[in-house]
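First comes the structure, then the notes that go with it.
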Amino acid sequence: MEKGIKLGISSCLLGENVRYDGGHRLDRFLTDTLGTYVSYVPVCPEVECGLGVPRESMRLVGDPNAPRLVTSRSQRDLTEQMLAWARKRVAELEHEELCGFICKAKSPSSGMERVKVYNETGMPVKKGVGIFARTFVDRFPLLPVEDDGRLHDPKIRENFIERIFVFKRWRELLSKSEKRGNLVDFHTRHKLLILSHSPKHYQLMGKLVASAKDISTKAVYEDYQNLLMKALQLKTTTKKNANVLQHMMGYFKKDLTTDEKQELLEIIGLYKNGYVPLIVPITLMNHYVRKYDQSYLKGQYYLYPHPVELQLRNHA
Ligand code: SF4
């Protein structure tokens, strides 16, 4: 079990009664299912910046790119109070070594996107980012961040969880001394995972690792981290996954019997046409990897990017 994964989370999603009305927004998937594999660092910006429970509700007003945080009835401007606290809090979070953050959707403090911002006539546009969420993302631009609403979409959920597991392994790599050999090992095991997100990044990262001798190790690590996180932000598609599966088959050419080859091609075809989920060809592929002891593929995180109990590839 990967207990080492730490995620920041909006406290109300854990069932804490911190909302303005004294309630919570418990999300059972996050506590009972994902919570088995990660530990959470709860953050409630409104309570932690000094506002009580219950409290007056608030909203974002003004310029959607730089909104103010104002209470709905008494029009008290809380922007500076929230910002001063947020800057301090993100500096503290630096020491937590987070692998991601789950925000409460739509909140003027915690929401990561499409938060309502009201203009002077009281009309909202869904273009804002919560004050704390903005401070957090500015400080940790590469960290996987999602909100509870978006995580109900199976593809977004799969992508987020895959990214936090990769980030955890990346942090483990960083905790060792920066050696080119360590980076090569990391890259080798993530190759097919990267390919399933972005063939372009797969090529760029391959070149970066190969050309590493001309650049300082520190610079290579930095460039690699940037490319890795950007690659994984791009969604996998059925087409990209089918491409990876066919690529994998290349490693078995000499081992698979005609029947096995035929069966694998059929299953990949069924996946490509939407008749079976990704878990089906992956399971068969895993079977042959073990049967023929294919060492390169055995090491590929693409085959087991996150715990199977999360059932994330049953919908991909
Ligand atoms: S949305 Fe954010 S500020 Fe509001 S109660 Fe939840 S954690 Fe606190």
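Ligands are counted one by one from 1 in listed order, and the atoms in each one are counted from 1 as well.
Residues Phe186 and His190 meet the side-chain proximity criterion, which asks for heavy atoms closer than 4.5 Å.
Heavy-atom contacts of Arg19 reach the following atoms of ligand 1: 5 (S) (cutoff under 4.0 Å). In summary, the atoms of ligand 1 found under 4.0 Å from a heavy atom of Ser11, numbered by their order in the structure, are 7 (S). Using a 4.0 Å cut-off to heavy atoms of Lys104, the atoms of ligand 1 that qualify are 1 (S). For ligand 1, the atoms lying closer than 4.0 Å to a non-hydrogen atom of Ser10 are 7 (S). Counting atoms of ligand 1 from 1 in the listed order, those under 4.0 Å from a heavy atom of Ser107 are 1 (S). Close approach to Glu46 involves these atoms of ligand 1, each under 4.0 Å from a residue heavy atom: 3 (S).
Using cut-offs of 30° and 60° on the angle between ring planes, the pair Phe140 and Phe136 is tilted. By the 30° and 60° cut-offs, the orientation of the rings of Phe252 relative to Tyr288 is perpendicular. Under the 30°/60° scheme for interplanar angles, the aromatic rings of Trp170 and Tyr221 are found to be tilted.
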- Item | Derivation and outcome, side-chain hydrogen bond (donor to acceptor under 3.5 Å, both in side chains), residues Gln233 and His197 | CA-CA 8 Å; Gln233 276 168 10; His197 286 269; over 6 Å; no
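Not one N/O/S atom of Cys44, from backbone or side chain, sits under 2.8 Å from atom 6 (Fe) of ligand 1. At least one N/O/S atom of Ser110, whether from backbone or side chain, sits less than 2.8 Å from atom 2 (Fe) of ligand 1.
When each of Ile161, Leu98, Val38 is paired with Ile5, the side chain to side chain contact (heavy atoms under 4.5 Å, CB included) condition holds for Val38 and for no other.
The shortest heavy-atom distance from Val18 to ligand 1 is under 4.0 Å. Residue Val43 places a heavy atom under 4.0 Å from ligand 1.
In terms of protein heavy-atom proximity, atom 6 (Fe) of ligand 1 is nearest to Cys12 SG, 2.3 Å.
Between Tyr271 and Tyr275, the ring center distance fails the sub-6.0 Å criterion.
Between the side chains of Ser196 and Thr236, no donor N or O sits under 3.5 Å from an acceptor N or O.
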